[in-house]
Amino acid sequence: MIEIQQLTKIYGAGASSFKALDDVSVTINSNEFFTLLGPSGCGKTTLLRAIAGFVDPTAGSILLNGKDLLSSPPYTRPVNTVFQNYALFPHMSVKQNIAFGLEMLDKPKSEVEQTTQQMMALVRMTEMADRQVSEISGGQQQRVALARALAPKPQVLLLDEPLSALDFKLRKEMQIELKRLQQDTGITFVFVTHDQEEALTMSDRIAVMNAGHILQIGSPREIYNQPAERFVADFIGESNFVSADIVEQRDDGVQVRFSNQQTTLAQSTASSPKSGKVTVAIRPEHARLSNSDEQPLLSGELKQVVYFGTDTHYQIILEDGSDFVLRRQNSPGQSIDMATGEKLGLMFEPGVAQILAD
């Protein structure tokens with residue numbers, strides 16, 4: 001549905017200029033929940049605002065169903081935006097806020113009434129139709145903002161960190177609610193966030209951004225399990241980074257040597273080196289303690305044990321002095337019979353480790 005080609009945005013001029021977007025290209029599919037994920041200042045909101053028409057790119061193109069968007073002013077684009085602060089009218093009721101956009105489009109009164117009722121039912125706000133928005137909670141205000149943006153039936157809904165002002169529990173509830181709304185309406189959602197869990201929970205695909213570039217695009221499972229480079233592995237969830245030496249390239253993978261012994265890793269990135277020292281990423285939940293009859297891949301000393309309720313984290317100092325975190329899911333009656341300073345061996349399956357391009 002959306003084709004973004006070689007988009008660049010430069011603010012300022014000369015030595016003080018800043019490149020917010022640097023030759024960004026991405027395709028967003030119809031009826032997709034697509035998330036732009038990255039740290040503050042990475043360019044994700046600039047990209048969203050360029051689609052909306054609030055930012056004029058320095059170079060590049062944006063097509064919507066094959067038609068040029070950049071030649072159209074914001075108010076003519078079949079695109080609506082939900083902002084971080086919702087931008088509701090406090091002197092209007094819930095129903096009036098939702099109907100406002102339709103009235104500005106000069107829709108017939110009967111259509112405005114019917115659509116408004118449908119939108120209130122969709123976001124489960126029918127019983128609060130006559131409440132002033134200043135009298136409802138933050139989560140309810142967010143539902144009203146969504147309903148108002150969905151009412152004109154845009155082809156694309158842009159969401160600029162709309163959950164950031166909500167408390168933790170409400171935020172979790174609204175993540176599920178947003179995904180439901182996208183599936184029920186069939187509208188393409190483009191969502192901006194810096195929250196990794198939020199992106200993994202709701203998205204069909206994620207674009208990880210940093211310093212004006214898109215580093216990797218993929219499904220939540222692909223992004224988490226097969227990060228293309230160190231930044232992605234470090235930004236999405238938790239990762240351990242371990243140094244290794246490449247021994248040889250084999251048909252079944254890449255043979256590497258850790259401090260203890262060598263093993264063949266089944267997966268590696270296309271851009272990873274063919275020889276020399278490399279960095280291997282291992283998720284904490286993918287490692288385990290070695291048995292007494294195993295030769296461990298890594299060895300270290302237990303530094304600390306931290307109980308998190310659902311799981312326990314074992315913080316280990318490896319022989320080379322680097323830190324390693326192992327995560328084990330807790331079970332009823334499980335006891336920890338290890339003491340700080342105890343020597344431990346670590347194992348992991350070859351298929352879960354990733355050789356990264358630094």
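In this model, no donor atom of one side chain and acceptor atom of the other lie less than 3.5 Å apart for His91 and Gln132. Asp323 and Gln315 share no donor-acceptor pair across their side chains, judged by distance under 3.5 Å alone. There is no side-chain donor-acceptor pair under 3.5 Å between Ser93 and Asp130. With 3.5 Å as the limit, one finds a donor-acceptor pair spanning the side chains of Ser137 and Gln140. Counted by atom type alone, Thr193 and Glu198 present one or more donor-acceptor pairs between their side chains at under 3.5 Å. Side-chain contact of Ser322 with Asp320: a donor-acceptor pair under 3.5 Å is present, judged by distance alone.
Grouping the Ile, Leu, Val, Met, Phe, Trp and Tyr side chains by contacts below 4.5 angstrom, directly or via other members, places Met209 apart from Leu159. In the hydrophobic clustering of this structure, Leu200 does not group with Ile214; members are Ile, Leu, Val, Met, Phe, Trp, Tyr whose side-chain heavy atoms approach within less than 4.5 Å, directly or through other members.
Rounding to the nearest 0.5 Å gives a distance of 14.0 Å between NZ of Lys303 and CG of Leu344. For the atom pair Leu157 CG and Ile187 CD1, the distance stands at 6.5 Å (nearest 0.5 Å). In this structure, the separation between CD on Glu342 and CG on Leu289 is 9.0 Å, given to the nearest 0.5 Å. Ile28 CD1 to Thr35 OG1: the interatomic distance, rounded to the nearest 0.5 Å, is 10.0 Å. Rounded to the nearest 0.5 angstrom, Ile98 CD1 and Leu88 CG are separated by 9.0 Å. Between the CZ atom in Arg328 and the CG atom in Asp311 there is a gap of 11.5 Å [rounded to 0.5 Å].
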Could you walk me through whether Glu349 and His286 pass the side chain to side chain donor-acceptor pair (under 3.5 Å) test, one step at a time? CA-CA 8 Å; Glu349 297 303 318; His286 291 159; over 6 Å; no
Side chain to side chain donor-acceptor pair (under 3.5 Å) assessment of Thr8 paired with Asp23: CA-CA 5 Å; Thr8 297; Asp23 199 32; 4.9 Å; no
Walk me through whether Asp195 and Arg171 qualify under salt bridge (Lys or Arg N to Asp or Glu O under 4.0 Å). CA-CA 11 Å; Asp195 188 303; Arg171 191 168 185 162; 3.8 Å; yes
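For the ring pair (Phe, Tyr, Trp, His ring centres under 6.0 Å) test, residues two or more places apart in sequence or in another chain that qualify with Phe191 are Phe33. With sequence neighbours excluded, no residue forms a ring pair (Phe, Tyr, Trp, His ring centres under 6.0 Å) with Phe34. For Phe89, the ring pair (Phe, Tyr, Trp, His ring centres under 6.0 Å) test picks out Phe100, with sequence neighbours left out.
For Phe241 and Phe324, the ring centers sit 6.0 Å or farther from each other.
Across Ser239 and Ala233, no two heavy atoms sit closer than the pair OG-O, 3.0 Å. Across Ala145 and Val82, no two heavy atoms sit closer than the pair O-CG2, 4.1 Å. Nearest heavy-atom pair, Leu21 versus Gly43, reported as atom, atom and distance to 0.1 Å: CD2-O, 3.4 Å. Taking all atoms of both residues into account, the shortest heavy-atom contact from Gln216 to Val232 is OE1-CG1, 3.4 Å.
A donor-acceptor contact shorter than 3.5 Å is absent between the side chain of Lys44 and the backbone of Leu36.
Judged as a side-chain hydrogen bond (donor to acceptor under 3.5 Å, both in side chains), the pairs with a partner in residues 181-190 (not counting sequence neighbours) are, in order, Asn31-Gln182, Arg180-Asp184.
By the 6.0 Å contact criterion, CD on Gln5 is enclosed, its count of non-hydrogen atoms from other residues, nucleotides or ligands being greater than 12. Residue Glu294 places its CD atom among more than 12 non-hydrogen atoms of other residues, nucleotides or ligands, all under 6.0 Å distant.
Counting only heavy atoms from C-beta outward, the side chains of Val278 and Leu356 never approach each other to under 4.5 Å. Within the 4.5 Å cutoff, side-chain heavy atoms of Gln117 are placed close to those of Glu113.
The only option from Arg327, His313, Gln196, Arg283 that meets the side-chain hydrogen bond (donor to acceptor under 3.5 Å, both in side chains) definition with Glu238 turns out to be Arg327.
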Contacts table for residues 45-56: side-chain donor-acceptor under 3.5 angstrom, sequence neighbours left out:
unit_1	atom_1	unit_2	atom_2	d
Thr45	OG1	Asp160	OD1	3.3

Tell me which donor-acceptor pairs under 3.5 Å the side chains of residues 102-111 have, and how far apart each pair is, sequence neighbours excluded?
none

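Note on ring orientation: taking the six-membered ring where Trp is involved, the planes of Phe18 and Tyr11 are parallel (angle under 30°, cut-offs 30° and 60°).
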